[in-house]
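What follows is a set of notes on a single structure, which appears directly below.
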Amino acid sequence: MVLNLKEVLDPQEFYQFISLLKDIVPYQLKVSQANGCVEILKQEEKQVYQQLQQELKPYYDKLDKAWFT
């Protein structure tokens with residue numbers, strides 16, 4: 001059975017997840033354009049990027065569990 005995001009995440013989680021994704025995209029774009037080199041980011045950008053990654057991890061874990069187990 002294939003579940004979509006809204007079936008795995010409750011409404012509050014869904015909107016928080018989308019908000020975090022919107023926040024991380026500019027940093028991820030810079031890193032991707034530098035062939036995955038995080039060093040392209042300034043120190044304060046790295047800190048924000050890493051914080052956003054940590055905040056997104058529980059959502060990714062929940063989605064992985066629902067979709068791949």
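In what follows, residues are counted from 1 in the order of the sequence shown.
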Evaluate the side-chain proximity of [Y] to [X]: yes if any heavy-atom separation is below 4.5 Å, no if none is.
| X | Y | result |
| --- | --- | --- |
| Gln53 | Leu56 | no |
| Tyr59 | Gln16 | yes |
| Asn4 | Trp67 | no |

Gap between atom [atom2] of [Y] and atom [atom1] of [X] - 0.5 Å precision:
| X | Y | atom1 | atom2 | result |
| --- | --- | --- | --- | --- |
| Leu63 | Phe68 | CG | CZ | 9.0 Å |
| Leu41 | Gln47 | CG | CD | 11.0 Å |
| Ile24 | Leu29 | CD1 | CG | 12.0 Å |

ask   = Can you list the residues that meet the salt bridge (charged side-chain N to carboxylate O under 4.0 Å, His left out) rule with Glu44, with sequence neighbours excluded?
value =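 Salt bridge (charged side-chain N to carboxylate O under 4.0 Å, His left out) list for Glu44, sorted by chain: empty.
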task = Provide the full list of salt bridge (charged side-chain N to carboxylate O under 4.0 Å, His left out) pairs with a residue in residues 18-38, sequence neighbours left out, each pair given once.
result = Lys30-Glu45
query = Would the number of heavy atoms belonging to other residues, nucleotides or ligands and lying under 6.0 Å from CG of Leu52 be above 12?
reply =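 Yes - once you tally the heavy atoms of other residues, nucleotides and ligands closer than 6.0 Å, there are more than 12.
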task = Report the C-alpha separation of Asp61 and Lys57 in whole Å, then their side-chain angles, then the decisive distance to 0.1 Å, and conclude whether the salt bridge (charged side-chain N to carboxylate O under 4.0 Å, His left out) test is met.
result = CA-CA 6 Å; Asp61 290 345; Lys57 186 175 180 343; 2.8 Å; yes
request  = Apply the test side-chain hydrogen bond (donor to acceptor under 3.5 Å, both in side chains) to residues Gln50 and Gln54: give CA-CA distance (whole Å), side-chain angles for both, the deciding distance (0.1 Å), then the verdict.
outcome  = CA-CA 6 Å; Gln50 291 169 347; Gln54 289 174 357; over 6 Å; no
Same cluster (ILVMFWY, side-chain, under 4.5 Å), Tyr15 and Leu20 =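 Hydrophobic grouping puts Tyr15 with Leu20.
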inquiry  = For the aromatic rings, using the six-membered ring if either is Trp, is the centroid distance between Phe17 and Tyr60 under 6.0 Å?
reply    = yes
query = Do Ser32 side-chain atoms and Gln28 backbone N/O form a donor-acceptor pair below 3.5 Å?
reply = yes
message = Using every non-hydrogen atom in the two residues, find where Phe14 and Leu9 come nearest and quote the distance to one decimal.
response = N-CB, 3.9 Å
